[in-house]
Every structure is written in structure tokens, then in C-alpha cells.
Amino acid sequence: MNIASVIVDVPAKQTDKTFDYKIPEKYKDVIKPGTRVIVPFGPRKIQGFVRDLKGESSFSKLRAIIEPLDLTPVLNEELLQLGDWLTEHTLSYKISSYQAMLPAALKAKYEKKIVLAKGTEITDLSGNLIELFRENREIKWEDAVTKGLVQQLQKEAASGRVDVVYQVKDRVRKKLLKHVSPAIDPDQLKETRDKLPPQASGQQSVLDFFLEHPDPVEQRLILSTLGISQGSIQSLVKKGILKIEELEVYRDPYSEREFERKFALDLTNEQEKAISPILSAIEKDLHEVFLLYGVTGSGKTEIYLQSIQEVLRKGKEAIVLVPEISLTPQMVTRFKERFGDLVAVMHSGLSAGEKYDEWRKIQRKEVKVVVGARSAIFAPFENIGIIIIDEEHETSYKQEENPRYHARDVAIQRAKTYACPVVLGSATPSLESFARAQKERYTLLSLPKRMNNQALPTVEIVDMREELRTGNRSMFSVKLFEKIKDRLEKKEQTVLFLNKRGHSSFVMCRDCGYVMNCPHCDITLTYHRYNEQMKCHYCGYEDRVPTICPECNSEHIRYFGTGTQKVEEELLKLIPEARIIRMDVDTTGRKGSHEKLLTAFQEGQADILLGTQMIAKGLDFPNITLVGVLSADTMLNLPDFRSSEKTFQLLTQVSGRAGRHKLPGEVVIQTYTPEHYSVELAGTQDYDRFYQQEMLIRKVHQYPPFYYLSLVTVSHEELMKVVSVTEKIAKFISSRLTNEAVVLGPVASPIPRINDRYRYQCLIKYKKEPELKNALKTILDHYQQETGTGALQISVDLNPYILM
DNA sequence: AGCACGCCGACT
DNA sequence: GTCGGCGTGCTC
């Protein structure tokens with residue numbers, strides 16, 4: 001077994017296979033499947049993952065692994081196989097799958113540089129290089145390129161005076177901190193302590209401290225707690241009594257927070273009924289998928305917590321997925337309060353280093369529970385007892401780049417391997433999941449009532465067209481405005497929700513209707529206030545904000561579609577005494593500001609919380625008795641077959657923020673389309689009827705859950721090329737599928753051009769097409785050369801969530 | 001993905 | 001005759 005087959009870090013069709021390398025004798029014990037290694041690949045050095053060990057290779061002239069990057073494999077056998085499964089299910093490269101399963105910190109960084117060759121003097125080089133190498137022992141390749149030195153250096157390299165060096169580096173280092181500990185045994189320590197002169201009080205207290213706690217302590221901690229100077233420690237080190245060493249520490253994003261330890265709450269009868277099948281699956285080590293369908297405020301979290309408790313009792317581990325967790329600090333708190341240090345948290349708000357450290361806690365089995373966003377599904381546990389996906393309908397569980405996986409599918413796959421239950425929780429389940437529950441592929445568990453029998457909030461739908469007709473041109477209906485004022489008087493809190501389309505505002509000319517578009521993409525530019533620039537969200541193009549219209553020279557060019565800020569201004573004009581907290585991308589940009597704003601609101605420092613999507617979830621404050629949705633229908637008009645579903649879900653979620661505790665809640669939904677069933681049924685909070693209605697439509701239009709979807713997107717700089725390739729692809733796919741499948745296209749993508757590349761797509765709707773995956777693979781193979789050069793791009797998304 | 005090798009046009 | 005364009009194919 002002295003040969004390793006390695007998946008190399010080159011995401012391309014031709015390299016999507018293993019390469020064999022000899023294992024040097026000295027690394028024989030370290031290199032195992034799942035270890036990251038540095039290998040020579042052509043002229044360069046790159047990172048790779050050991051996939052297997054073997055005794056012989058069909059290849060005769062093997063090169064040797066340069067060095068391992070890990071002492072313990074970063075992927076265990078289960079995760080390696082999961083990676084292969086991912087590759088197969090998303091038609092992506094193996095290397096991309098492996099990398100997706102690990103924190104970004106473990107992805108290699110490459111550096112190419114020029115150094116002086118051995119035995120060469122700087123003065124041997126030609127003129128201008130001498131200067132450069134005097135200043136720096138080496139030149140980075142990029143610098144050589146920008147300074148136009150490439151040719152010259154290549155010549156020098158050819159005559160052997162300089163060498164090109166390739167380096168592989170880790171992205172993030174382990175954090176090391178100075179730790180102090182005794183260098184001698186306790187008896188000697190005591191002796192030294194007693195011999196110290198009385199004026200050496202600092203040294204005395206240090207030694208007293210170590211007599212009590214002999215373990216290594218962070219230097220800065222001991223300095224601050226004992227109130228001594230570094231000198232005291234230094235002199236003890238010099239005498240050989242203490243020693244200082246650099247020890248690895250975890251970056252702990254929650255180190256400054258204290259979590260009060262809390263214990264299980266009593267369950268209601270309904271909760272008891274819902275949890276018992278889960279507990280029994282845990283008990284019997286059975287794989288089963290549960291759909292926990294519970295209205296907002298029905299106590300789903302407590303069910304998660306108690307199920308996990310049972311899993312921990314059995315000595316197993318738990319994964320909890322929540323949508324973009326930085327948005328729900330309340331959730332983290334509840335888990336930390338219940339399980340303390342056994343919880344790792346993984347979300348996008350953490351730095352790369354923090355994520356890496358949380359990951360290592362999992363890998364080393366120092367924690368038993370991980371709470372995190374999508375990628376936490378790959379937590380390297382080895383004895384999983386339950387996987388929970390909260391807000392299961394959230395589309396953020398689908399990754400929109402390769403590998404395009406859905407966390408729910410990965411969860412079920414892993415749960416099968418570990419023979420453990422999966423719990424999908426939601427107040428508004430996705431149609432896919434609810435349909436599966438109806439077909440009894442999932443076990444349905446319902447919590448139809450709120451805790452403590454608290455009533456669901458009463459919802460009123462206000463027709464904004466009517467308001468306009470009666471002369472109210474503001475963005476608040478009379479009803480909503482009256483209620484806001486009423487809450488202010490009663491000292492109760494209001495949440496105002498603005499369902500903005502897209503991110504932020506765009507610029508439009510009031511005279512001629514000119515809208516600023518990206519010159520490279522068919523998309524409007526968005527206005528960014530922080531740098532007063534117009535920016536394209538697809539290609540990064542930036543432009544200044546125009547003061548006069550480029551089309552008609554009018555000065556009436558204004559920001560439109562503006563959100564929270566405008567609402568805030570208007571509200572303050574109407575009710576100057578209102579204290580408002582605004583939450584949007586602008587006010588929550590900085591790390592931790594999200595949490596600060598929420599805490600301020602919770603402590604009653606404001607009457608009104610005004611925000612976008614980010615306030616729809618997880619808010620659970622007792623004093624909120626009014627929720628206002630300013631315009632319910634902005635999302636309805638999107639070209640997406642899920643827009644009704646999304647609207648219903650969002651409205652129901654937001655409404656659920658009101659009246660969760662003792663005080664009853666009220667909701668006002670303002671809309672221009674009150675007759676639309678998703679608005680109307682969100683008003684009566686009738687999921688079941690919404691489900692029936694939407695299923696009818698999905699059936700007629702042949703959409704999920706009745707049909708599966710796959711989307712092929714083709715892009716190229718030339719329109720003709722895109723159209724012809726997409727046409728060929730569509731034809732080819734049709735020819736390989738049964739008559740039951742529907743192939744739509746080629747049609748222009750909803751965003752027809754991004755970054756000067758035209759985009760066409762082809763949508764496949766099907767029920768059962770075992771040949772489809774092979775057909776798609778054939779296409780990717782067939783266009784291999786062309787896609788390799790980047791001129792033509794073909795992306796395949798099995799079960800897309802965004803059809804763009 | 002890089003990088004080398006290799007085969008054609010425009011320059012000293 | 002040579003420099004350099006980027007098409008083609010390989011990397012254990």
C-alpha cells in the first residue's frame with residue numbers, strides 16, 4: 001500500500017479522476033484516504049485529496065507525494081463516499097464536491113514566484129533585475145506580470161540563473177497564543193515561592209496562581225487577572241521556573257457572551273404527541289423522515305431540543321440546519337442555553353478562521369451539536385443520531401453554484417447511512433415536502449395550535465387601490481396608520497415589513513422613463529448609498545450616479561423602488577415622536593450590528609422595527625402586537641413558478657411575529673392584489689387550502705412536485721452560437737427521453753446577458769427519466785473542449801430553485 | 001486550470 | 001530566417 005490515488009485541485013473535466021502517486025516512506029503512517037496532500041502536477045505543485053491507497057498502479061512512472069497537509073484526514077470514509085454521491089447527483093467535479101464539504105480555510109492558496117537559482121549571484125543577472133532582487137529575495141509572479149518582466153525572467157530561467165517556484169499554502173493559520181506554565185514540579189515551585197524576596201510581589205502572586213492551577217494559561221489572561229506586568233513573568237522564565245509556549249487556541253465568536261444554563265420545558269399534549277414518533281425512531285436507530293408542520297409559535301424548537309437531548313443521551317451527535325443563522329441569534333441562544341459548550345455554530349457571519357475553528361471542534365468530537373446554515377450539513381461527525389432542518393421550505397438550502405446540492409437531499413442521504421431520523425420543520429412546508437408527507441414517504445407530525453393556546457393573530461387585508469381612490473397617496477393605509485398610533489399609545493411594539501424586490505433602489509428619469517442599465521448585462525443597476533455609486537450585481541460594473549438624464553437631459557432623475565429608508569422618513573413626518581429601528585443591508589452591514597439592533601428593540605428602546613426579509617424569521621418578542629406588511633405583492637410578479645408559494649410563506653412567517661405571548665396580535669397586509677389566493681389565504685392563515693389550490697396549478701402547468709425540473713443554461717459571447725448550441729442540446733435531450741418528458745426551449749434566460757455573454761436555456765420537465773443524467777453527461781462531455789477554453793459555458797442544474 | 005509544444009503570419 | 005500568435009493536449 002505505498003501508492004495513493006489522488007483527486008487533484010483542478011476543476012476540469014479532463015482532471016476529474018484520480019492520479020496515482022508514490023507515498024514516501026516517512027509519510028507512510030500519516031497519509032490515509034481523506035488526507036490533503038501536496039503533489040507535483042506537471043510543472044506545478046497543487047493540492048489534492050487522497051481518495052484510496054493501493055499496492056500497485058497501472059502507471060509505470062509515478063511521482064511522489066511532496067507532503068501531507070493534515071495529520072488526521074479531513075474527510076473520513078463516509079464523507080468521501082458522500083462526496084462521490086454529491087458528484088453523481090449534481091454532475092459536478094469530485095474536487096468541487098470535496099471542497100464544498102470543508103471550510104474554505106482548507107482550500108489551498110497558490111503562489112508562484114521567482115527566486116535566485118542556487119549558486120547564482122545577484123550580479124550575474126541582467127541590469128534591472130539586480131535592483132529588484134537586492135530589494136527582495138524573490139519576485140511574485142503577478143508582480144513580474146504587471147512590471148512586464150515575464151520575458152526577461154523566462155530567459156533567465158532558461159539559462160538557469162533563476163528558478164520558478166510553486167507554493168501551496170493554507171488559507172488560514174491556526175491561531176497561536178502565548179501560554180505560561182510551570183517548568184518545574186509543584187514542590188520546587190512552592191520552595192521557590194517561599195524563597196522570593198518580599199518586594200517581588202508580582203512573582204509571588206504568579207507562583208501562587210500556578211500552585212493552584214498547574215495547567216498552561218494564556219499570558220494575557222494571567223496578566224490581567226493578577227494585575228501584574230510582563231516583567232514578573234519574564235524574570236521567572238529567565239530563572240527557568242516558568243516556561244512560555246505558543247499553544248493553539250480556538251477563535252470563539254461567542255466568547256464574550258454568557259449563556260444562562262436552561263433545562264427542558266414541559267411539553268404540551270400536542271408537543272408530546274408530535275415528539276413521540278421521533279423519540280421512538282431515535283430509540284430504535286431507524287431512518288425516517290418527519291415533516292414537523294407546526295404553525296408559527298407552536299413550539300417546534302422545544303421539540304428539536306428535546307429530541308437532541310435524547311440523541312446526546314445515547315452518545316450520538318446532532319446536526320441542526322437553520323436558514324442563515326446570523327439572522328436568528330435567538331435560535332443560537334436557545335441551543336447554547338440548553339447544551340452549553342457542546343454546541344458549535346457555523347454561519348456566514350463568521351470569519352474564515354472562526355468557521356475553521358468551529359469545524360475542528362466538530363472533527364475532534366469536542367462538541368456534539370452543530371447549529372448552522374446550509375454547509376453545516378457536512379459536519380464531520382461520525383455518529384449522527386438526528387438531523388434537523390428548521391424552516392425547511394427556505395430556498396437558501398439549495399446551493400446555487402457547483403455542486404448545486406440541496407441540503408435536504410444531503411441530510412436524507414447521510415441519515416440513511418447513520419440510520420437516524422431527519423426532522424423537517426416548518427409552519428409553511430414546501431409543496432414538495434408536504435406532498436411527500438401526503439404520500440406517506442415522510443411522516444407528518446402536526447402542531448396546529450400555538451403554545452398556551454394563544455390565538456393566531458387576526459389578519460386584515462387592505463386594498464391599496466381603494467386607498468388611492470379615496471385620496472390616500474401615502475404608503476400607509478388609514479387602518480395601518482391608526483393601529484400604529486394606537487400601539488404607540490399603549491406602549492406596545494410594531495413590526496413593519498417591507499417586501500422589497502431585489503436588493504435596493506434603482507435610478508429612473510421621471511420625464512422620459514430612462515432606467516440605468518448595466519452596459520454588460522441586461523439588468524438595471526442598483527444604487528449603493530455608501531459610496532454613491534451605481535453597481536451591477538452580476539458583473540460588478542460601477543458607474544457614478546447621474547445628476548441629469550443621459551437620454552433627455554432632464555434633471556428629474558430620482559431613486560426609485562427605495563425601501564426602508566423612505567418609509568422611515570415618511571413615518572417620522574407623520575409621527576415625529578415614534579422611535580424607529582431600521583434593519584436592512586445598510587444598517588446591519590457590520591458584524592454584530594444585527595444582534596445589537598434586535599437587542600435594542602427587545603429592551604423596548606424603540607416602538608417600531610422596520611425591515612426587510614431579514615426580520616421575517618425567528619423574532620420572538622412578547623411585546624409585538626402589530627405587524628404591518630407594506631406591500632404584499634412585490635414578489636408575486638416575479639417570473640418564477642414558486643412566486644405564489646414564496647409570497648404565501650413570507651406573509652405567513654411575518655404574520656407569525658405578532659402576539660406570540662400573552663398579548664394578542666394583529667396583522668395588516670397592504671396589497672394591490674387582494675384577490676390573489678396566496679395573499680387571501682395567507683390572510684386566513686390557511687396552509688391546507690393554499691396547498692390544495694397551488695397543487696392544482698402545479699399539476700396543470702406541469703411543475704414540481706408533479707414533475708421534476710432540470711435546467712441547462714448555455715452562455716457565449718455570440719448570440720448566434722448560444723442559440724444554435726442550445727437548440728442542438730434541446731434536440732439531443734428530447735431524442736434521448738420518453739414522450740412523457742417536456743423539453744422547453746431554447747429560450748432566452750430571464751437575464752439574457754451577463755458580463756457580455758448571452759444566455760439561453762432549456763428547461764426539462766419530467767417524471768421518470770433514467771436516461772436524463774446520462775444524456776446531460778454526454779452533453780457536458782461533447783462540448784468539453786469548447787467549455788474548457790471558457791468561450792462556451794454550459795451549466796446544468798438538477799432541481800433548480802432559481803430559474804435564471 | 002496552467003503550461004508546454006507546435007504550427008502559421010509579420011517582422012528584424 | 002525568427003518572434004510570437006494561440007489551438008491542442010497533457011498532467012500520475
Touch class at under 4.0 angstrom, heavy-atom based, for [X] against every strand present:
X: A/Lys13; answer: nothing
X: A/Phe41; answer: base
X: A/Ser5; answer: nothing
X: A/Lys22; answer: nothing
X: A/Arg44; answer: base

Atom [atom1] of [X] to atom [atom2] of [N]: distance rounded to whole Å?
X: A/Gln47; N: B/dG2; atom1: CD; atom2: C1'; value: 16 Å
X: A/Ile46; N: C/dC10; atom1: CD1; atom2: C1'; value: 13 Å
X: A/Asn2; N: C/dC12; atom1: CG; atom2: C1'; value: 14 Å
X: A/Lys45; N: B/dA1; atom1: NZ; atom2: C1'; value: 18 Å
X: A/Tyr110; N: B/dG2; atom1: OH; atom2: P; value: 9 Å
X: A/Lys94; N: C/dC12; atom1: NZ; atom2: C1'; value: 16 Å
X: A/Lys112; N: B/dA4; atom1: NZ; atom2: C1'; value: 12 Å
X: A/Gln14; N: C/dG7; atom1: CD; atom2: C1'; value: 13 Å

Over 12 non-hydrogen atoms of neighbours within 6.0 angstrom of NZ in A/Lys731:
no
Would you find more than 12 non-hydrogen atoms of other residues, nucleotides or ligands less than 6.0 Å from A/Tyr766 atom OH?
yes
Given B/dC3, C/dC12, C/dT11, which nucleotide is nearest the side-chain atoms of A/Pro43?
B/dC3
Straight-line distance of A/Leu798 CG to A/Glu88 CD, nearest 0.5 Å:
10.0 Å
A/Arg44 to A/Tyr110 six-membered ring, cation-pi geometry met (6.0 Å, 45°):
no
Using a 5.5 Å cut-off between ring centres and planes within 30 degrees, is A/Phe19 stacked on the base of C/dC12?
no
Can a side chain N or O of A/Tyr166 be found less than 4.0 Å away from OP1 or OP2 on B/dC3?
yes
Please tell me if the side chains of A/Val165 and A/Glu138 come closer than 4.5 Å, counting only heavy atoms from C-beta onward.
no
